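Whatever order the structure lists ligands and atoms in, that order sets their numbers, starting from 1. Because the structure is predicted, anything quoted here is derived from the model rather than measured. FYI, the numbering just counts along the sequence from 1.
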Amino acid sequence: MNILILGSGGREHTFAYQLAKSPLCKNLYVAPGNAGTQAMAKNLAISVNDFEAIRRAVLEHDINMVVVGPEDPLVNGIVDFFQQDSNLKNVMIIGPSAEGALLEGSKERAKEFMSRHKIPTAAYSSFNKETLDAGKEFLETLEPPYVLKADGLAAGKGVLILDSLEEAKQELENMLAHSKFGAASAKVVIEEFLDGIELSVFVLTDGKNYKVLPTAKDYKRIGEGDSGLNTGGMGAISPVPFADEELMQKIESRIVVPTVNGIKEEGIDYKGFIFIGLIKVNNEPYVIEYNVRMGDPETEVVLPRIKTDLVKLLEATYTQELDQMNLELDPRSATTVMVVSGGYPEAYEKGKNISGISDISDSIVFHAGTAMKEGEVVTNGGRVIAVTSLGEDFRKALKKSYQNVAKLSFDRMYYRTDIGFDLS
Ligand code: AMP
Ligand code: GLY
């Protein structure tokens, strides 16, 4: 079949890499893609939010399956757009409807969903401009640190964790009264702070059945020892060593099952990935957030561990026959180290020549922010390349990733040297 992947990061290159392995995949397209996807698929210069252009491309290239990488088009209703179009309604689009995507698109809706289905999460209350004073009073009843979350999508920047009450009140006002995150902070969820270690669990659901995919842990801060600004993710490890059977059973029975059943009971159309951000507090799992897509760079370590044909898995997701599928996993650990442009996550330059990619043979090079310029691969984003390796355990895999990252070079290249530092 002909498959189109929407997106342009390391996540989408990884999807392309896994889907291309399947004998069922005939022609592969990525919109807009990067230099890595260009080498293995046909890139289409279309934005992920230009539904009309996507429609034309699907018809022109006779696309049978669309895999949506990022959350934006999902929250904007791309799945509904396909279903409502007589020419697109039989295309297998992988992702939730706009209603399902609200699990990521609205923190308040996600918290209400968890509360309805008794899914463990931090206690919370939500406020708007009219209830700003009540929000400040609510903050006074809490212990520091204070967790403030913009309700809507804010490009990963909408969560503030503050130590002082005064600062928390001020930021609440900035968000609600002065649109700190634009429309995304018209509502703010104030949450109890949970102190523990984070992990992510990925679930593929067809709306009735589900498969729990490998766990992963990502490293979001720019600096060593988890210091400095938040990024999209500087590296990841799968599986998470502390996610033992006991914890996984709790996660499945208390979180995954009620989430999938909740989606089903509420009649939400959801055929796609659920990325559950969790925090383990005293060996008990709590949900921090839902994302309605795969993570980046988590995908770069999760998908390479899935041995089952990915096209078949996604086809069964669309036809609601996931229960007929057997999920076969590679027992080895996977690690990825993200190489970024100097300055990221703040201002950085693009267009730098990247050397050393072809010297890497025993790791997988997933392109993130790259482009082709005059026949050369150049930097084209903050996160540039993710180097993924497999090994008997995460330390062996990491060693390989780092040996290969050292072969890469471009002006002002940076990466964290301590991915996995907090794991034993
Ligand atoms: P999010 O954008 O929801 O992933 O939140 C960003 C980060 O804030 C998370 O990865 C956590 O590290 C942290 N965080 C979010 N909610 C809480 C909470 N209730 N308690 C402690 N940390 C939190
Ligand atoms: N790595 C975090 C995310 O994809 O949201």
(message) Show me, by chain and number, every protein residue that has a heavy-atom distance under 4.0 Å to ligand 2.
(response)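 Close residues (ligand 2, cut-off 4.0 Å): Asp218, Gly232, Phe275, Arg293, Gly295, Asp296, Pro297, Glu298.
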
(request) Mind telling me whether Phe202 and Phe275 have parallel, tilted or perpendicular rings, with 30° and 60° as the class edges? (result) tilted

Hey, is [X] close enough to [Y] for a salt bridge, meaning N to O under 4.0 Å?
X: Glu246; Y: Lys250; value: yes
X: Asp226; Y: Arg416; value: yes
X: Glu289; Y: Lys149; value: no
X: Arg332; Y: Asp330; value: yes
X: Lys111; Y: Glu191; value: yes

(request) Check each protein residue for a heavy atom under 4.0 Å from ligand 1 and list those that pass, ordered by chain and number. (result) Lys107, Ala122, Val147, Lys149, Val159, Ile161, Glu191, Glu192, Phe193, Leu194, Glu198, Lys220, Ile288, Glu289

(message) Using only atom types and a distance under 3.5 Å, with no angle test, would you say the side chain of Thr131 pairs donor to acceptor with the backbone of Asn128?
(response) yes

(message) Whether the Ser341 and Thr379 side chains hold a donor-acceptor pair (N or O, under 3.5 Å, no angle test) is what I'd like checked.
(response)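 Looking only at side-chain atoms, Thr379 and Ser341 do not form any donor-acceptor pair under 3.5 Å.
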
(message) Among Ile5, Asn43, Thr370, which residue satisfies the side chain to side chain contact (heavy atoms under 4.5 Å, CB included) criterion with Thr37?
(response)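 With Thr37 as partner, side chain to side chain contact (heavy atoms under 4.5 Å, CB included) holds for just one option, Asn43.
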
